Chemist: 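Mind having a look at this structure? Questions to follow.
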Amino acid sequence: MPELPEVETVRAGLERWVTGRTIAAVDVLHPRAIRRHPAGERDFVALLVGRRVEGARRRGKYLWLPLDSGDALQAHLGMSGQLLVQPAAALDETHLRVRVRFADGDPELRFVDQRTFGGLAVVAGGAALPGTIAHIARDPLDPAFDDEAFRIALRSRRTGIKRALLDQSLVSGIGNIYADESLWRARLHYARPTETLTRSEVDRLLAAVRDVLRDALAAGGTSFDSLYVAVNGESGYFARDLAVYGRRDEPCPRCGTPIRRDAFMNRSSYTCPRCQPRPRRARW
DNA sequence: CCTCATTCCTGCGGGC
DNA sequence: TGCCCGCAGGAATGAG
């Protein structure tokens, strides 16, 4: 599942392989992949063909490619999306949704997405932040992330800490996996009411989030070396370094207590019952 | 305005 | 063997 480290790895790949190139043709193979482009396929294609890509940028889990028209090609990978840079001769992937060909030939850009939770759109404004994603907060690795503003915003919420971590308008880039890993590192339970967090607990949590994201980014970044921009939920960091996520009944790496899985927000939360005791006042 | 449940989608794997 | 069902979950949407 692509969260900040995976999306940033893709962004770096796009910057390397697509910047400076002019789009020659676009095929939409599945209309759902551009459902966030309300004007439809014909308009989507017309806004792209002939445009030069000026770079690759990211806000949270959103990516966008600024174009020389002043628009941007915006992308979200959702659960299973990939942006691949492939030779035109490569066989089409089973779930290929959109193909972008360039005037200089190989390689082409492909949006592949099994579940099509993700998608592409052409949006206005790309030099700064497109208006469509103006509500997305900065991520904790962004140099302009404001720790004090985050502390205040967090304490003013009336919700549980994990819900807050997953709220992309408060802090971006964190999904279910890295939320669980960060909370475990900070020894905080997901149901802690945000307004009860002390300053030192928030600082501990922010430090844990940054550690987790940086470690994952380092792992994801190393495998990106070829003519291939990929997100693979099963690779790298996932398999090796997760302490609690997906490890129900396995021993906590810190204390050996079996990891517990709870249903939470129509998904799962993994905790160590000893390192992360449920608060008396719980909120989720 | 704020919080939260619902919804979209498809492949995999467990159970029968 | 094959079918059914639960599960994976980011974020827009609308209810309250």
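If you're wondering where the values come from, they're calculated on a predicted model, not measured in any experiment. Letters A, B, ... are given to chains in the order of the sequence lines, protein chains preceding strands, and every chain is numbered from 1.
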Chemist: Just one of A:Asp262, A:Asp180, A:Thr271 clears the side chain to side chain donor-acceptor pair (under 3.5 Å) bar with A:Tyr190, so which one?
Modeler: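 Exactly one pass, corresponding to A:Asp262.
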
Chemist: So, do A:His37 and A:Val122 sit near enough that their side-chain heavy atoms are less than 4.5 Å apart?
Modeler: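 Answer yes - side chains close enough.
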
Chemist: Quick one: are A:Phe117 and A:Ser80 in side-chain contact, heavy atoms under 4.5 Å?
Modeler: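 A side-chain contact under 4.5 Å is absent here.
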
Chemist: Contact class for A:Arg261 vs. all strands (heavy atom < 4.0 Å): base, sugar-phosphate, or nothing?
Modeler: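 The answer is sugar-phosphate, as A:Arg261 gets under 4.0 Å only of primed atoms, P, OP1 or OP2.
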
Chemist: Output yes when A:Asp113 and A:Arg97 qualify as a salt bridge under the 4.0 Å nitrogen-oxygen rule, no when they do not.
Modeler: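 Salt bridge: no.
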
Chemist: Determine the contact category for A:Ser80: base if any of its heavy atoms lies under 4.0 Å from a base atom, sugar-phosphate if only primed atoms, P, OP1 or OP2 are that close, otherwise nothing.
Modeler: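 The residue A:Ser80 makes no contact with any strand.
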
Chemist: In whole angstrom, give the distance that lies between atom NE2 of A:His30 and atom P of B:dT10.
Modeler: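 Roughly 6 Å, once rounded to whole Å.
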
Chemist: Spell out protein contact along nucleotides 10-16 of chain C as letters: B when the base is contacted, S when just the sugar-phosphate is, - when no protein heavy atom is under 4.0 Å; keep the 5' to 3' order.
Modeler: BBS----

Chemist: Strictly below 4.0 Å: does A:His95 bring a side-chain N or O up to OP1 or OP2 of B:dG11?
Modeler: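 It does, given that an N or O in the side chain of A:His95 lies less than 4.0 Å from OP1 or OP2 of B:dG11.
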
Chemist: For the backbone of A:Ala56 and the side chain of A:Arg11, can you confirm whether one donor and one acceptor N or O come within less than 3.5 Å of each other?
Modeler: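 The answer is yes, because a donor-acceptor pair under 3.5 Å joins these two groups.
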
Chemist: Per the end-axis method with five pairs at each terminus, what is the bend angle of the helix from B:dC2-C:dG16 to B:dC16-C:dG2, to 10°?
Modeler: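 Rounded value for the end-axis angle: 50°.
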
Chemist: Rounded to the nearest Å, what distance is computed from the CZ atom of residue A:Phe264 to the P atom of nucleotide B:dT3?
Modeler: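 That distance rounds to 14 Å.
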
Chemist: Just by distance, do the side chain of A:Asp27 and the backbone of A:Arg99 share a donor-acceptor pair under 3.5 Å?
Modeler: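 Side chain of A:Asp27 to backbone of A:Arg99: no pair is present.
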
Chemist: To the nearest Å, how far apart are A:Asp167 CG and B:dA5 C1'?
Modeler: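 For the pair A:Asp167 CG and B:dA5 C1', the rounded distance is 15 Å.
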
Chemist: What does the list of N/O pairs under 3.5 Å between the protein and nucleotides 12-14 of chain B look like, with a distance for each?
Modeler:
none

Chemist: I'd like to check A:Arg192 versus A:Glu201 (side-chain heavy atoms, cut-off strictly below 4.5 Å). Are they in contact?
Modeler: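 A:Arg192 vs A:Glu201: side chains touch.
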
Chemist: Base, sugar-phosphate or nothing for A:Asp113? Non-hydrogen atoms, less than 4.0 Å.
Modeler: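 Touches nothing.
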
Chemist: So A:Glu181 and A:Val244, do their side chains get closer than 4.5 Å, heavy atoms only?
Modeler: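 Counting from C-beta outward, A:Val244 and A:Glu181 do come under 4.5 Å.
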
Chemist: Does B:dC2 have its OP1 or OP2 closer than 4.0 Å to a side-chain nitrogen or oxygen of A:Thr159?
Modeler: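 Checking B:dC2 against A:Thr159, no side-chain N or O comes under 4.0 Å of OP1 or OP2.
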
Chemist: Could you tell me the separation between the CG atom of A:Asn266 and the P atom of C:dC5, rounded to a whole number of Å?
Modeler: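 From A:Asn266 CG to C:dC5 P: 18 Å.
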
Chemist: Report the distance from atom OH of A:Tyr62 to atom CG of A:Leu129, rounding to the nearest 0.5 Å.
Modeler: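 Spacing of OH (A:Tyr62) from CG (A:Leu129) equals 11.0 Å.
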
Chemist: Please tell me whether A:Glu93 and A:Gln82 have a donor and an acceptor in their side chains that are separated by less than 3.5 angstrom.
Modeler: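 No, no side-chain donor-acceptor contact under 3.5 Å.
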
Chemist: C:dC7 P sits how many Å from A:Asp262 CG, rounded?
Modeler: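 That distance rounds to 13 Å.
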
